Amino acid sequence: ESLHRSAALSAGVRLAVSPVRPPAAAAAEGMIQIGKAKGPPRAEIERCRDAVEAMLPPEMDDVAVMVTQIECREPGCAPIETVISLLIVGAPRKAKVFKPVAEVTLDDLRAIMPELLPVQ
């Protein structure tokens, strides 16, 4: 790093250095969480992912399905929502269920399938 810095200085380039916050300071400001992450059990994520994969048409058997649970702290936003994403090359798709992943039902997943499937 110092070699690159001295080369940049000798070439008359000004380097901008941004301060790095120690993890404890960032955690105190609510930016990051230190320790074990709180989230849904892996089994609940897998249950939803497997159900969505089973609902996909055969020509989409190579599409990756990603299930995430996110927490929103903005006004008017559901406090916890489940996001289902289809990682389709060049055309990723996503849909939300406005409840924790542990509460997502097969009916919820069936209801969002039209949002996830590409228009044919």
Side-chain angles (χ1 to χ4, degrees):
E1 178 181 293
S2 61
L3 180 61
H4 294 293
R5 183 182 195 136
S6 56
L9 292 174
S10 66
V13 176
R14 292 187 65 131
L15 298 176
V17 179
S18 58
V20 176
R21 285 193 167 112
E29 294 173 18
M31 295 170 58
I32 63 170
Q33 178 181 349
I34 296 176
K36 186 174 181 182
K38 291 188 325 185
R42 180 174 290 284
E44 294 296 335
I45 295 281
E46 291 172 358
R47 176 186 62 83
C48 287
R49 186 192 65 226
D50 292 346
V52 171
E53 286 175 348
M55 292 180 204
L56 293 176
E59 63 271 13
M60 295 181 74
D61 66 345
D62 62 339
V63 171
V65 176
M66 184 171 66
V67 178
T68 53
Q69 178 177 287
I70 61 172
E71 187 176 321
C72 182
R73 295 182 181 152
E74 294 185 20
C77 184
I80 297 178
E81 56 191 41
T82 299
V83 180
I84 313 291
S85 303
L86 297 184
L87 305 179
I88 302 169
V89 176
R93 311 280 297 193
K94 74 176 178 180
K96 295 179 181 181
V97 179
F98 298 102
K99 56 176 83 169
V101 71
E103 296 175 16
V104 173
T105 65
L106 283 174
D107 287 338
D108 294 326
L109 296 174
R110 284 185 197 104
I112 63 165
M113 287 308 289
E115 293 177 59
L116 291 173
L117 296 175
V119 177
Q120 304 205 5

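No experiment lies behind these values; they were computed from the predicted model shown.
- Two different hydrophobic clusters hold Ile80 and Met66 under the rule that ILVMFWY side chains link at heavy-atom gaps under 4.5 Å.
- A heavy-atom distance below 4.5 Å is not found between the side chains of Cys48 and Asp108.
- The cluster map of Ile, Leu, Val, Met, Phe, Trp and Tyr, joined by side-chain heavy atoms under 4.5 Å apart, puts Met113 and Leu86 in the same cluster.
- In this structure a side-chain-to-backbone donor-acceptor pair under 3.5 Å is present from Thr82 to Lys99.
- Nearest approach of Leu116 to Ile84, heavy atoms of both residues: CD2-O, 3.5 Å.
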Q) For Asp50 and Val65, what are the C-alpha separation, side-chain angles and deciding distance, and is it a side-chain contact (heavy atoms from CB on, under 4.5 Å)? A) CA-CA 8 Å; Asp50 292 346; Val65 176; over 6 Å; no

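- By the 4.5 Å heavy-atom criterion applied to side chains, Leu117 and Leu56 are counted as neighbours.
- Val104 and Phe98 are assigned to two separate hydrophobic clusters, defined by single-linkage of ILVMFWY side chains at heavy-atom distances under 4.5 Å.
- A pairwise comparison of heavy atoms in Arg47 and Ala102 identifies NH2-O, 3.8 Å as the closest pair.
- Here the side chain of Arg110 pairs no donor or acceptor atom with the backbone of Met55 at under 3.5 angstrom.
- Listed here is the closest heavy atom pair of Ala78 and Cys72: O-CB, 3.5 Å.
- Counting all heavy atoms, side chain and backbone alike, Glu81 lies closest to Cys77 at OE1-SG, 4.3 Å.
- For the residue pair Ile88 and Met60, the shortest heavy atom distance occurs at CD1-CE, 3.7 Å.
- Minimum interatomic distance between Ala95 and Ile112 (heavy atoms only, all atoms of both residues): CB-CB, 3.8 Å.
- The hydrophobic clustering, which links ILVMFWY residues whose side-chain heavy atoms are closer than 4.5 Å, places Ile45 and Leu106 together.
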